[in-house]
Each structure stands twice: as structure tokens, then as C-alpha cells.
Amino acid sequence: MDATLNDAQREAVNTLTGPLLVLAGAGSGKTRVVTVRIAKLIDTGVVPSRILAMTFTNKAANEMQHRIGSMISTQRENQPQISTFHSLCVRILRRQIHHLGYPSNFTILDASDQNSICRKVLREIRVSDASLKPRDLLYQIGQWKSQGISPQLATRSAVTDRDHLAAVAFRRYQDELVRCGTVDFDDLLLLTNALFRDFPEVRENEAARFDHVLVDEYQDTNDIQYNIVKALSDSHRNLCVVGDDDQSIYGFRGSDVRHILNFSRDWTGAKTVRLEANYRSTEAILEVSNRLIRFNSNRHEKVLKAARRGGQKPRIEQFGDEEHESKQVITSIRRDLQANGRQPRDIAILFRTNEQPRLFETELRKHDIPYVLLGSHSFYDRKEIKDLVAYLRVIHHADDEPSMRRIINNPPRGISANTVSQLVEIATQQGVSLWHVMLDNEALQILKVPPRMCIRKFIETIHSQQQAFNQSLDISTFHAFLSAIEYKKEVVRSSEDESETEQRWASVEEMANVFGSYLSRKKNPTLEGFLEEIALAETDFDDDKDNQLERNAVALLTLHASKGLEFPVVYMVGLEEGLLPHARAVAAEGPAIDEERRLAYVGVTRAQDELTLSLSLTRRKWGRIQEQNPSRFLFEMIGQADNPHEAADSREAETTNS
DNA sequence: CAAAGCCGTTTTTTT
DNA sequence: AACGGCTTTG
């Protein structure tokens with residue numbers, strides 16, 4: 001099976017025990033190496049289910065599952081455990097979280113819930129002005145959590161007033177989560193880490209499940225994930241990590257390149273294998289990529305060698321405004337499709353921010369070119385879906401306060417915002433959940449009679465739905481639920497016209513389909529399981545069966561979402577200062593720019609045959625037209641910038657005028 | 001208590 | 001430009 005592997009790949013595949021670092025450059029056949037290595041392990045007699053492979057995204061996990069499934073055949077119960085960090089932690093926590101005093105039916109908060117809790121907390125400590133915005137607080141909390149910093153520690157190490165405020169808010173935020181019996185994404189990792197730290201027997205139990213651990217995209221680990229990996233691998237030391245420090249692009253959520261840079265120091269006797277042959281891109285594309293990434297300091301020096309010689313030079317195209325950019329890119333795509341015999345699925349448009357694809361979408365639609373907008377959570381952003389998910393969460397776990405507040409008077413049932421805030425105040429004072437107060441007859445005495453009756457009626461509804469969802473689930477459970485909350489009526493009532501009703505109701509039906517698909521996939525479907533899939537986005541709900549990429553459509557995706565993918569034809573758009581590198585990174589300078597450069601590097605290395613880089617000299621922002629400058633990365637790529645990390649050499653002959 | 005209108009803010013990337 | 005929160009009005 002390894003006849004077609006090169007020497008380095010073969011070495012990585014054959015090193016089956018002990019710590020192993022595989023530095024895999026872009027397009028070096030990493031996925032193949034990983035799967036062949038797992039197959040080898042099983043060949044040599046390792047019990048499949050005792051192999052744990054960790055990934056960061058569900059996409060990566062699914063793909064690995066798929067590839068391994070087609071390579072080896074084992075029984076259902078005895079398969080390699082392929083899991084994202086988050087879902088692994090959820091499984092551990094459901095079993096063990098009672099040690100930490102949390103309910104095991106905790107629900108997982110999504111970003112908008114986190115945001116509203118931040119807002120509430122800031123209002124409570126009267127920081128509603130500009131000094132600390134909910135979004136900034138959330139970001140700061142994320143940073144702290146990914147480094148394992150507790151509210152206490154944050155308070156102690158606070159220097160500025162702003163730090164202090166944020167630390168206080170952080171404490172209250174955390175209290176809020178406990179009060180509502182919820183955890184956020186970072187908590188999943190953090191609490192698992194705390195369990196391992198404070199309860200050695202739990203750690204030993206969980207670690208004893210596996211003999212081999214593999215971590216993909218290791219450059220993206222943050223401190224907590226690093227600890228978890230260590231806790232699970234310390235005893236057997238059969239840890240294989242695979243990654244590319246040049247593709248570390250998740251610093252904003254705490255990833256730290258140092259973990260991959262220091263691997264051999266952390267694990268004595270660790271072997272390092274470099275995969276430097278690139279089978280994906282043509283020489284011409286790789287030349288540009290290599291030149292770009294060499295501008296970064298602090299990296300494992302490696303130079304990708306192209307297995308595919310020659311190729312077309314990447315094109316750079318400059319436009320007057322973003323409308324021309326999108327028009328021309330789509331014109332060019334049409335040419336690819338008509339004259340050059342490309343399929344839509346061969347083509348990708350990559351961009352930095354989520355506001356960029358809009359124009360490209362309208363152009364594609366105008367010309368009837370099929371496309372998919374990848375990685376956007378648009379399905380869950382729809383109001384109807386959010387409402388229904390909130391209902392289901394409340395039915396599963398009524399203490400989930402963000403969800404409760406969302407639905408308590410939606411559809412309107414006579415429980416006013418005023419009523420709710422009175423109750424929430426009591427709840428916060430007593431340190432219990434809103435639901436707890438609603439059930440407390442004495443507390444309800446402060447309300448007038450009509451709202452009190454409305455609340456009683458609402459409680460009835462929730463109770464009866466709780467019963468319904470506790471029995472064996474089928475699709476009629478969901479439909480009965482819809483009619484119980486009279487959601488159709490609400491959609492009709494709040495729509496402007498018939499077509500809007502239709503559109504919105506279609507979302508509701510889609511939700512029913514998602515539920516139905518969950519029911520048919522699982523042996524023992526539960527509401528909890530369903531909500532978990534949704535929270536972790538474990539399945540692609542937009543297109544239930546086939547992977548979206550398999551549809552024959554042009555792919556639109558962010559640079560971040562593009563990692564791990566490849567396309568024959570790539571259009572990277574918006575290569576402008578302020579966009580790539582992003583304005584925030586420009587303001588922060590230093591390492592932030594390096595990360596943006598890695599992001600650009602990830603983008604250009606997605607292209608197999610053709611790469612087009614485009615930019616627009618003006619761009620509309622918040623209704624105003626702004627002048628844009630070409631990205632510094634463009635100059636670096638074409639050799640028109642001086643590289644401080646290289647001796648001044650042959651480039652001196654070149655001129656820098658345009 | 002619900003609906004309409006006003007004002008201010010906003011987006012970097014994701015599990 | 002667009003959305004969401006807040007205030008005023010019915």
C-alpha cells in the first residue's frame with residue numbers, strides 16, 4: 001500500500017510508536033500519510049477503537065472517517081475514534097461533569113447567547129459606555145479561557161482599569177453560566193482540563209481508553225488543548241502530531257504556534273519527519289507561495305518542492321471598484337467554464353471577510369452559475385431556526401436562560417419585557433435560574449394577576465412538551481410541538497405578505513427535515529443528542545446528504561474555511577491593505593501581520609493549476625467610498641519587496657516602479 | 001401590551 | 001447600507 005509513497009512519507013507512516021512530529025507542508029499528501037498510518041497500526045494488531053484521532057473541525061473529522069472507512073473494514077463498535085476536540089470533550093463531560101457540580105444535561109451556548117450574557121453583565125456593572133463593548137469582552141474572555149486563565153487570575157494580573165473591568169465582568173459572566181446551567185465553547189475544553197487536573201482518577205480513566213493518539217492540524221492547538229493532549233498521551237507516549245506552522249491561522253482563538261515549534265523539546269526522543277514535496281500546485285504557483293512565506297520570522301524553515309514542473313504564472317488583476325472586481329472575476333469564470341472545459345466544482349473564490357462574497361453571489365446568480373457559500377452558518381442565523389432551537393433547548397433544559405428569554409414571549413403571549421426583567425432580577429439576586437423563579441409561586445406574587453396567569457399557562461405548555469419529548473421520538477413529536485406553540489400562526493401574523501410567510505415557513509419545514517434526518521440516523525435518538533449535533537454543527541444541515549463540495553458548484557469561502565481544501569482554479573479576491581492584511585492586524589503590527597501572511601499563504605497554496613489574485617482600488621464601507629492600496633503581500637509575492645530575513649541578493653537588479 | 005419609528009453602531013477570521 | 005436596541009405611540 002505504500003509503494004507510491006516517497007521516502008519521507010514512508011518514514012512517517014512506519015514510525016508507529018513513540019512521539020512523532022510530522023511537519024507537513026501544504027499539498028504534501030498529509031491526509032494520505034495519516035490514513036495509511038492508522039491502517040498500518042491496525043495491521044500490526046492495534047485494536048482500532050483504541051486509536052484516537054483528533055481534529056479541529058467536523059469537516060476534517062468526517063473526511064478522515066470517510067477515508068479510513070474505505071481503507072479498512074472493521075465492525076461498527078470497533079472503529080478508530082475520530083473526533084473533534086469539542087465533541088470528545090462533550091462526551092467526557094457528560095460522563096464526568098458531576099464532579100465539578102454542573103448538571104450533566106448542560107446546554108452549549110452559541111455566540112449570540114454569549115453576546116447577550118456579556119451585554120447583561122456589562123449593564124449590571126454599569127459599563128454600558130464605550131470603554132468596554134460586549135464584543136470586546138467576549139473576545140477577551142475567549143483569550144483568557146484559551147490560556148486557562150481564571151477570573152481570579154485575570155483580576156490579579158489586571159493592570160489597566162479596562163483589564164479590571166473586564167476581569168470583573170468575566171467573573172460575573174462565569175457566574176451567569178453556572179446559574180443557567182450552561183457552558184460555552186471554551187468551557188467544554190476548560191472544564192475537561194479542570195477535571196483532568198483535579199481528579200486524577202478521571203484522567204486515568206479517560207486516558208486508559210486509548211493506546212495511540214493522533215492530532216491533526218497541531219499548529220492550531222491552544223494551551224488547553226495542549227494540556228488535554230498531554231493528559232491523554234502521557235502514559236503511553238504514542239502521540240503523533242501532524243501540522244504545518246506556516247498554516248497556523250487561528251491565533252485569535254488562542255492557537256499558539258509554539259506548541260508545534262517546541263514539540264521535540266516537550267517530548268524527549270520525539271522523531272521529526274518533514275514532508276516537503278508538494279503534489280498539489282504547479283511550480284509557478286509554489287514559487288510565489290514560497291517567496292511569500294519566507295517573509296515570516298519564527299518558523300520551521302522548509303521549502304516546498306514542486307512535483308509538478310512549469311505551469312501558468314499567477315495573474316494579478318486590479319479594478320477600480322468592487323463591482324468591477326466581481327463582474328470581471330465572474331466573466332473570467334464563465335470563460336473557464338465555456339472555453340477551458342472547467343467544471344464549476346473546479347473553481348473557488350477565496351476572501352478574507354464574510355461581507356465580501358455578496359457581490360460575487362449576485363453576479364453568479366445573474367449568470368446562472370451554480371455556487372455554494374461554504375462555512376456560513378446562515379441556516380442557524382435565520383430567526384425562525386433560532387426560535388425553534390431555543391424552544392427545544394428550553395424543553396430539554398428549562399434553566400437555559402438565554403433560550404428562555406428568547407421564547408418566553410414569542411409568539412406574544414402576554415409576558416412583557418417588564419415582567420421578564422422583574423423576574424430575572426429576582427433570579428439573579430437569589431442566584432437561581434429564571435425558570436426556577438417562574439415555578440416559585442411566592443415570587444410570582446409581585447406580579448399583577450394577568451401576567452401571572454400567562455406565565456402559568458406558558459409553564460403548562462413547556463411541561464407538556466417536556467413529556468412529549470421524553471417519550472420515544474418521531475417526527476410527529478415535532479409537528480405536535482409546532483402546533484402547541486402556535487408557531488404557524490405567528491409566522492403568518494408577523495409576515496408582511498404571503499411570499500414572506502412562505503419563505504419563513506420553509507425554514508421551519510427545513511428544521512423539521514433536519515430533525516427527521518437526525519431521527520433516522522440514530523439508533524437511540526434523544527432531544528439532547530439532537531441539540532448537541534446542532535450546537536457543535538456536527539452535520540452539514542444545509543445539504544443533508546452529500547458534502548457540499550461534491551455538488552458541482554463554484555465554491556465561495558473564507559480563507560480560514562479553505563484550509564485543507566484544494567481547487568484547480570482559485571480566485572483570491574480583495575488583496576488590499578486593510579482587508580488582507582486586515583485593518584486590525586495592521587493596527588496591531590508584529591505577529592498579527594505574520595498571521596495574516598500565513599492566511600494569504602494558505603490561500604495561494606489551495607490552487608492546483610491556476611491562481612488569480614485580484615484587488616479593487618476603492619471599496620464601499622458603511623456607505624462611504626474608501627481608497628484602497630494593493631496588499632503588501634502582492635509585492636512580496638512578485639519579488640518587489642525586500643525580505644529582511646534574506647540576504648540582499650539577486651533582487652537588487654529589479655526595479656520597484658510599476 | 002404590541003407596533004412603529006428613531007437612533008446608533010457595525011465585521012476579521014471559528015469550534 | 002443594514003441591523004438591532006430603545007423609545008414613543010396606539
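Convention: sequence-line order gives letters A, B, ...; per-chain numbering from 1.
We find that NZ of Lys145(A) is positioned 18 Å from P of dT15(B), with the value rounded to whole Å. Remark: C1' of dA2(C) and NZ of Lys383(A) are 18 Å apart, rounded to the nearest angstrom. Rounded to whole Å, atom P of dC6(C) lies 14 Å from atom CG of Asn418(A). For the pair Lys120(A) NZ and dG5(C) P, the interatomic distance rounds to 16 Å; values are reported in whole Å. When the C1' atom of dA2(B) is taken as reference, atom CD1 of Ile415(A) falls 14 Å away, rounded to whole Å. Regarding Asp186(A), its CG atom lies at a distance of 13 Å from the P atom of dT15(B), rounded to whole Å. In this structure, the CG atom of Leu109(A) is 14 Å from the C1' atom of dT15(B), given to the nearest Å. Rounded to whole Å, the distance from CG on Leu189(A) to P on dT14(B) is 18 Å.
A distance of about 16 Å separates the P atoms of dC6(C) and dT11(B), rounded to the whole Å. Distance check on atom C1': dT12(B) versus dG5(C) gives 24 Å, rounded to whole Å.
Aromatic ring orientation, Tyr391(A) versus Tyr487(A): perpendicular (interplanar angle above 60°, classes split at 30° and 60°).
Scanning all heavy atoms of the two residues, the minimum distance from Arg606(A) to Ala26(A) falls at NH2-CB, 3.9 Å. Ser403(A) and Ala390(A) make their closest contact through CB-O, 3.6 Å (heavy atoms, listed as atom of the first residue, atom of the second, distance).
In this structure, Phe56(A) reaches the sugar-phosphate backbone alone: every heavy-atom distance under 4.0 Å involves primed, P, OP1 or OP2 atoms, never a base.
No more than 12 heavy atoms of other residues, nucleotides or ligands shown are found within 6.0 angstrom of CZ on Arg258(A). Residue Gln147(A) places its CD atom among more than 12 non-hydrogen atoms of other residues, nucleotides or ligands, all under 6.0 Å distant.
At least one side-chain nitrogen or oxygen of Asn409(A) sits closer than 4.0 Å to the OP1 or OP2 atom of dA2(B). Between Thr419(A) and dC1(B) there is a side-chain N or O to OP1 or OP2 distance below 4.0 Å.
Note on Lys30(A) versus Asp216(A): salt bridge recorded, some NZ/NE/NH1/NH2 to OD/OE distance being below 4.0 Å.
Between Phe252(A) and His560(A), the ring center distance clears the sub-6.0 Å criterion.
Projected onto DNA chain B by closest heavy-atom contact, Arg253(A) and Pro451(A) fall at different nucleotides, the more 5' of which corresponds to Pro451(A).
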Annotated protein contacts, base or backbone, on nucleotides 4-13 of chain B with a non-hydrogen cut-off under 4.0 Å, one of B, S, - each: ------BBBB
